[in-house]
Amino acid sequence: MGLAEIAARMRAAEAAAGRAEGSVRLIAVSKVQPAERVEAVLDAGHRLFGENYVQEAAGKWPAWKARFPGVELHMIGPLQTNKAKVAVELFDVLHTVDRPSLAEKLARLADSRGVSPQLFVQVNTGEEPQKAGVLPADADAFVAACRGMGLPVVGLMCIPPEGEDSAPHFALLKAMAERNGLTGLSMGMSGDFESAIAHGATHVRVGSAIFGERDYAR
Ligand SMILES: *Cc1c(COP(=O)(O)O)cnc(C)c1O
């Protein structure tokens, strides 16, 4: 597939949903991908990337940031509290704030640094025990608690259960964002980003459809 085709499909999905052209941002998810594939997308002019692992990202991105001005890096994987300091220094946006201990840590870091990445609260819309994210019933209180700590919460993020229709999860996240006065919606991956755009996504996270399949054995 590749970057140009995904961009074209996004524009078509925006138009079909009656949304403004370019209103949805494409996060190219580069986790585990070989350097030459990522560099090809950087060479094509794309600057917005997502990574899942702090250590992996810290090893790759400082050099690319120096070589390709304007890179914006988003953390989309589960964030351990003991990696939060490295994460706030490396990432512009964190999509996976999902528990009070992490929010408190991020608030302390924001106080000491005088700045914080923009934050999305991850919601476990499928209430899956193995999955990160606050439960839907706890989301409003958690967003309020984050705001009470002065954290810049800009939106909500979800990863719907595999093998299920994503649409009801996207609709749930959108309703939750609206009632909390949040405009950001991080939802939609390679298999369902068009549905996410129809449901109001502002950020889609697309990996394999841009870069090809991930080879974890490498
Ligand atoms: C890996 C990952 C993606 C990208 O998945 P693809 O199916 O390759 O598009 C998106 N979001 C999150 C949270 C991920 O971990």
Side-chain angles (χ1 to χ4, degrees), residues 1-10 13 24-38 40-41 44 46 48-61 72-80 83 87 90-99 102 117-134 139 154-167 169-170 172-174 177 184-218:
M1 255 180 269
L3 182 68
E5 186 188 334
I6 297 305
R9 284 171 57 188
M10 286 177 63
V24 184
R25 301 191 68 203
L26 173 60
I27 302 173
V29 177
S30 47
K31 63 168 176 244
V32 192
Q33 297 287 357
E36 61 272 18
R37 291 187 188 171
V38 181
V41 170
H46 195 74
L48 175 53
F49 290 84
E51 289 281 348
N52 285 62
Y53 313 104
V54 172
Q55 232 151 327
E56 183 193 348
K60 306 190 297 191
W61 280 98
E72 187 178 323
L73 207 53
H74 290 218
M75 174 65 179
I76 63 167
L79 182 54
Q80 290 170 253
K83 302 246 171 75
L90 183 64
F91 291 96
D92 301 290
V93 182
L94 308 178
H95 288 237
T96 51
V97 182
D98 66 349
R99 57 193 189 280
L102 177 58
Q118 291 193 330
L119 305 175
F120 286 75
V121 166
Q122 181 174 357
V123 182
N124 186 354
T125 57
E127 309 192 24
E128 297 172 277
Q130 82 287 5
K131 199 166 268 178
V134 295
V154 299
L156 302 179
M157 177 272 211
C158 76
I159 309 171
E162 234 171 279
E164 245 181 62
D165 182 9
S166 300
H169 298 272
F170 295 156
L172 176 66
L173 200 71
K174 163 99 174 153
L185 277 173
S186 168
M187 58 190 197
M189 310 182 9
S190 288
D192 56 14
F193 68 89
E194 284 145 322
S195 166
I197 290 171
H199 285 90
T202 58
H203 296 67
V204 294
R205 311 177 307 264
V206 180
S208 48
I210 295 175
F211 296 104
E213 290 303 319
R214 285 178 290 277
D215 182 359
Y216 287 95
R218 271 174 99 252

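Order of appearance sets the numbers: ligands from 1, and atoms from 1 within every ligand. Note that the structure is a prediction, hence the values are computed from the model and not measured.
Among all non-hydrogen protein atoms, the one lying nearest atom 9 (O) of ligand 1 is Ser190 OG, 2.5 Å. The single protein non-hydrogen atom nearest to atom 12 (C) of ligand 1 is Ile76 CD1, 3.5 Å, given as residue, atom name and distance. For atom 11 (N) of ligand 1, the closest non-hydrogen atom on the protein side is Arg205 NE, 2.9 Å.
Heavy-atom minimum distance, Phe211 versus Val38: CE2-CA, 3.9 Å. A pairwise comparison of heavy atoms in Ile210 and Leu3 identifies CG2-N, 4.2 Å as the closest pair.
Shown in contact with Gly207 at under 4.0 Å from a heavy atom are these atoms of ligand 1, numbered in order with element: 4 (C), 6 (P), 8 (O), 9 (O). Within the listing of ligand 1, atoms 9 (O) sit less than 4.0 angstrom from a heavy atom of Val206.
Within the 3.5 Å criterion, the main-chain N or O of Gly77 finds no donor-acceptor partner in the side chain of Gln122.
With respect to Glu194 and Arg9, a salt bridge is recorded, a charged nitrogen being found less than 4.0 Å from a carboxylate O.
When Ile6, Thr96, Ile27, Asn52 are ranked by how near their heavy atoms come to atom 15 (O) of ligand 1, first place goes to Asn52. Of the options Glu213, Arg214, Met189, the smallest heavy-atom separation from atom 8 (O) of ligand 1 is shown by Arg214.
Counting heavy atoms under 4.0 Å from ligand 1, residue Lys31 touches it through the side chain alone.
The local environment of CD in Gln55 is sparse, with at most 12 non-hydrogen atoms from other residues, nucleotides or ligands closer than 6.0 Å.
In this structure, the ring of His74 has its center no less than 6.0 angstrom from the ring center of Phe120.
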